[in-house]
Amino acid sequence: MKRSFLFAAASLALLGASAAQTGPAASSPAVLASIKTGAPTRMVYELDARAMVFIIPATGRATFTVDMKPDSYAIKSRVRTTGLADVFVNYDMNLNASGKTSATGLKTTKYVSQNNDGKKNRRVEINMTDTGFTMTAKPKFGNLGDPAATAEQAILANDPLTALITFALEPRAAGTDPCGGPIKVFDGRQLTYLHLKRGNANLVKLKTPAWNGQAIECHVTMDKIAGYKKGESNNDTLTGISGPLRMYLAPLENGSHVPVKIVADTDRIGKVTLTARTLRFEPLVTASTGTSTGGGR
């Protein structure tokens, strides 16, 4: 999960901000509330990741298309390494998630992950209901962890894409930590809780391709609840990461708290930095609207 988490986490930056935005121009209704009242929305996002492997730069790119309607949503994502990174990590994954939309969050009903790493090339499909889930994996997992995730645990979580996107959209109660969370993630095998807490009492000046302004620094730690090797559960560290993962949130006028930069110091390849590269946030064409959005990239 550790590699896919780093890429998927930064997908949060797609929500509610535009490229090179310096701050929200005016207050607007909360994103989910607007969608529920009849404003279907599409978000198109591209993410860059950068690290150094020895003295050679390693890069990655992830693209996301998120379509949200009043009662449902669908996410399509492609994550792959590019350039010289392929020498060290052959990573090419297609991810799809869909589920139910509400004014307070998104909830998974289906998730499909297809990894084309040249090794197992595993496809995982999850179908979730209010009372349980089914999972198929080809090739099959050798085991489902010790302990394995139960149905009662899994239905309280979301797939990796949905969990991270709804985290940015969900309204924060007044007086609570703006970092929010916990983020409960289930990928068909591993059940993980990501805990966030304020890392700096003051706002941090931040300039990225997607945001130029004040940001909230949050530190992320992890509880491995189920689906891991024996002895790994309840280990509150992000595997392969030294210290907390640092996530910087841009507080938007519509109530969203959008990660615009994520930094992790890893044991294997040093610092990994993820930033939003491009973003479009536009009306979604549906049969009922009958209008054009201008297409997608």
Side-chain angles (χ1 to χ4, degrees), residues 1-14 42-49 51 58-68 72-83 85-100 106-129 132-145 148-149 151 154-155 157-167 183-192 194 226-229 239-240 262 272 274 277-278 296-297:
M1 178 181 173
K2 54 181 176 292
R3 286 186 298 171
S4 58
F5 168 73
L6 287 176
F7 284 105
S11 68
L12 289 167
L14 63 88
R42 166 173 289 174
M43 290 169 284
V44 181
Y45 172 77
E46 188 174 65
L47 162 75
D48 279 345
T59 62
R61 181 161 295 174
T63 59
F64 302 85
T65 302
V66 184
D67 289 354
M68 292 186 289
S72 64
Y73 71 91
I75 307 170
K76 294 182 179 180
S77 177
R78 171 83 181 278
V79 180
R80 60 189 176 88
T81 55
T82 59
D86 289 329
V87 175
F88 302 97
V89 181
N90 182 14
Y91 193 70
D92 190 342
M93 179 171 280
N94 289 286
L95 306 169
N96 293 272
S98 57
K100 301 175 183 177
L106 307 178
K107 183 60 183 172
T108 304
T109 56
K110 186 171 184 177
Y111 174 69
V112 179
S113 167
Q114 176 65 63
N115 187 18
N116 302 298
D117 61 4
K119 297 178 181 178
K120 293 183 178 180
N121 296 330
R122 177 174 281 125
R123 174 186 170 90
V124 178
E125 182 172 330
I126 311 170
N127 290 280
M128 299 188 72
T129 68
F133 75 96
T134 60
M135 184 276 289
T136 58
K138 298 180 181 179
K140 292 183 178 179
F141 291 114
N143 62 75
L144 296 179
I155 62 176
N158 276 316
D159 71 86
L161 293 178
T162 300
L164 293 163
I165 290 173
T166 195
F167 158 76
I183 305 173
K184 299 180 179 181
V185 185
F186 180 61
D187 65 3
R189 181 173 182 264
Q190 294 180 336
L191 176 67
T192 310
L194 303 173
Y228 289 87
K229 294 179 182 179
T239 303
I262 299 172
V272 178
L274 301 98
R277 173 185 172 90
T278 58
R297 180 176 173 179

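Values below: all heavy atoms of this structure, side chains included; hydrogens, waters and symmetry mates excluded.
Among residues two or more places apart in sequence or in another chain, the side-chain contact (heavy atoms from CB on, under 4.5 Å) test is passed with K120 by R122, P139.
We find the CG-OH distance between L191 and Y228 to be 8.0 Å, quoted to the nearest 0.5 Å. With values rounded to the nearest 0.5 angstrom, I126 atom CD1 is found 9.0 Å from T134 atom OG1. For the atom pair F186 CZ and T192 OG1, the distance stands at 10.0 Å (nearest 0.5 Å). With values rounded to the nearest 0.5 angstrom, R78 atom CZ is found 12.0 Å from N96 atom CG. Note that the OH atom of Y73 and the CD1 atom of I165 stand 8.0 Å from one another [nearest 0.5 Å]. We find the NZ-OG distance between K100 and S72 to be 11.0 Å, quoted to the nearest 0.5 Å.
At least one side-chain heavy atom of K107 sits under 4.5 Å from a side-chain heavy atom of N158.
What you find for L95 and S113 is that their closest heavy atoms are CD2-OG, 3.5 Å. Counting all heavy atoms, side chain and backbone alike, G99 lies closest to T109 at CA-OG1, 3.3 Å. Here the closest non-hydrogen pair linking G132 and A151 is CA-CB, 4.1 Å.
Panel note: side chain T108, backbone D159; a donor-acceptor pair is recorded below 3.5 Å. Checked by atom type and distance alone, the side chain of R189 pairs as donor or acceptor with a backbone atom of G227 at under 3.5 Å. A distance-only check finds no donor-acceptor pair linking the side chain of N94 to the backbone of Q114 [under 3.5 Å].
Applying the side chain to side chain contact (heavy atoms under 4.5 Å, CB included) test between V66 and each of I75, T162, L161 identifies I75 as the sole match.
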